[in-house]
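Below is one structure; the comments refer to it alone.
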Amino acid sequence: MKYNLLTREFYNRNTLQVARNILGKRLVKIENGVRIGGLIVEAEAYRGEEDLGCHAKAGRTPRTEVMYGEPGHAYVYFTYGMHWMLNAVCEQKGYPAAVLIRAILPTDGIPVIASRRNSQPRKFWTDGPAKLCKALAIDGNFNAADLCAPGANLYIEQADPVPDWAVTTGPRVGFNNVPEPWLSIPWRFRVVPEFLD
DNA sequence: AGCACGATTAACT
DNA sequence: GTTAATCGTGCTC
């Protein structure tokens, strides 16, 4: 099997660059030899203990340890008592940072995704961070998994780049009690719908 | 040992 | 627009 994985160097740089450039790449999970996944169309950057929107604001804990580790690994965490979220660890080892994968456009394993998201119309299959984890059956077992390892069954692969005109930025979503400037800092990156037509 | 809260979602009114 | 579901994590006592 030939792989076209993003290299560890892709992840080993400023998290904002990774979040911008991970757009359009293909998130892939292999289940029993079957490819399941899609193009990443939305991502958010979280970096440093100073970033009060980032889990690493709590410092090094059992939960955040993965974010301090080698770039190119998965940081998968559980929240709201029922949801899993997938992140890719960024920047040099020792600096806590990650990119949250917030949405994908399904391209592979459509029948499997459909079966896991059957109660919803296609538009809503993978348009949220917990939804795409459910669609790809990603859970805590993938925390700390190496996305760059040859033979990895969860990885991100090369795909056509998304031009600047097709990318919009904005504030990260989902947190309430986060002070400025972290509340409004535009670290959310999104592919405009027109580019996907 | 107990508690408040969360990088959300789906199903309500 | 509002709210229940549901539990690991990190903080306080």
Side-chain angles (χ1 to χ4, degrees), chain A residues 11 14-23 25 27 29 38 40-69 71-91 95-106 112-145 147 154 156 167-191:
Chain A
Y11 300 100
N14 186 289
T15 309
L16 300 181
Q17 293 178 44
V18 179
R20 161 62 181 87
N21 289 295
I22 209 168
L23 295 179
K25 303 294 189 291
L27 174 66
K29 188 184 176 212
I40 297 170
V41 295
E42 186 178 342
E44 284 176 358
Y46 292 84
R47 67 186 300 269
E49 297 177 351
E50 321 75 41
D51 176 4
L52 297 181
C54 180
H55 291 161
K57 69 186 177 193
R60 233 183 236 264
T61 68
R63 181 204 210 186
T64 62
E65 184 63 29
V66 182
M67 275 201 287
Y68 288 80
H73 288 249
Y75 168 44
V76 182
Y77 71 90
F78 187 68
T79 191
Y80 290 104
M82 65 192 91
H83 297 308
W84 294 102
M85 310 276 166
L86 171 66
N87 302 248
V89 175
C90 301
E91 310 212 24
Y95 186 85
V99 165
L100 170 70
I101 311 298
R102 285 194 62 87
I104 65 173
L105 184 68
V112 178
I113 292 175
S115 70
R116 290 181 180 145
R117 302 283 305 140
N118 230 354
S119 59
Q120 294 290 327
R122 178 165 186 152
K123 183 178 197 285
F124 302 121
W125 279 355
T126 54
D127 65 335
K131 298 180 191 181
L132 71 88
C133 283
K134 183 167 188 190
L136 301 201
I138 294 166
D139 61 18
N141 292 320
F142 287 90
N143 192 34
L147 304 173
L154 179 65
I156 301 172
V167 176
T168 56
T169 61
R172 295 172 293 180
V173 293
F175 34 71
N176 314 328
N177 281 329
V178 175
E180 300 289 2
W182 311 110
L183 182 63
S184 302
I185 199 165
W187 284 2
R188 180 193 196 195
F189 297 81
R190 213 174 168 184
V191 179

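In what follows, every chain begins at residue 1, and chains take the letters A, B, ... in the order their sequences are listed.
Taking atom C1' on both nucleotides, C:dT3 is separated from B:dC5 by 16 Å, rounded to a whole Å.
Here C:dG10 presents its P atom at 13 Å from CZ of A:R60, a figure rounded to the nearest Å. The nearest whole Å value for the distance from the CZ atom in A:F78 to the C1' atom in C:dA5 is 11 Å. Remark: C1' of B:dC5 and NE2 of A:H55 are 11 Å apart, rounded to the nearest angstrom. The separation between A:N176 atom CG and B:dA4 atom P is 17 Å, rounded to whole Å. The nearest whole Å value for the distance from the CG atom in A:N143 to the C1' atom in C:dG8 is 13 Å.
Proximity of a side-chain donor or acceptor of A:K57 to a complementary backbone N or O of A:E50 within less than 3.5 Å is not detected. Remark: the backbone N or O of A:V76 is paired with a side-chain donor or acceptor of A:N143 at under 3.5 angstrom. Listed for the A:K131 side chain is no donor-acceptor partner under 3.5 Å among the backbone atoms of A:W125.
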Any protein N or O atoms within reach of nucleotides 8-12 of chain B? Criterion: under 3.5 Å, listing atom names and distances.
from: B:dT8; atom 1: OP1; to: A:R102; atom 2: NH1; distance (Å): 3.2
from: B:dT8; atom 1: OP2; to: A:G174; atom 2: O; distance (Å): 3.0
from: B:dT8; atom 1: O2; to: A:H83; atom 2: NE2; distance (Å): 2.6
from: B:dT9; atom 1: OP1; to: A:P129; atom 2: N; distance (Å): 3.1
from: B:dT9; atom 1: OP1; to: A:A130; atom 2: N; distance (Å): 3.1
from: B:dT9; atom 1: OP1; to: A:K131; atom 2: N; distance (Å): 3.4
from: B:dT9; atom 1: O4'; to: A:H83; atom 2: NE2; distance (Å): 3.3
from: B:dA10; atom 1: OP1; to: A:R117; atom 2: NH1; distance (Å): 2.9
from: B:dA10; atom 1: OP1; to: A:R117; atom 2: NH2; distance (Å): 2.9
from: B:dA10; atom 1: OP2; to: A:K131; atom 2: NZ; distance (Å): 3.4

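Looking at A:L132 and A:I101, their side chains come closer than 4.5 Å, going by heavy atoms from C-beta outward. In this structure, A:R47 and A:Y95 have side chains that are in contact, with non-hydrogen atoms separated by less than 4.5 Å.
Between A:K134 and A:D139 no salt bridge is recorded (no basic side-chain N to carboxylate O distance below 4.0 Å). A salt bridge does not link A:K123 to A:D127: none of the charged nitrogens lies less than 4.0 Å from a carboxylate oxygen.
The aromatic rings of A:Y75 and A:H55 lie perpendicular to each other, with more than 60° between the two planes, well past the 30° mark.
Remark: DNA chain B forms stems of 3 or more consecutive Watson-Crick or G-U wobble pairs, all pair distances under 3.5 Å, at B:1-6 with C:7-12, B:8-12 with C:1-5.
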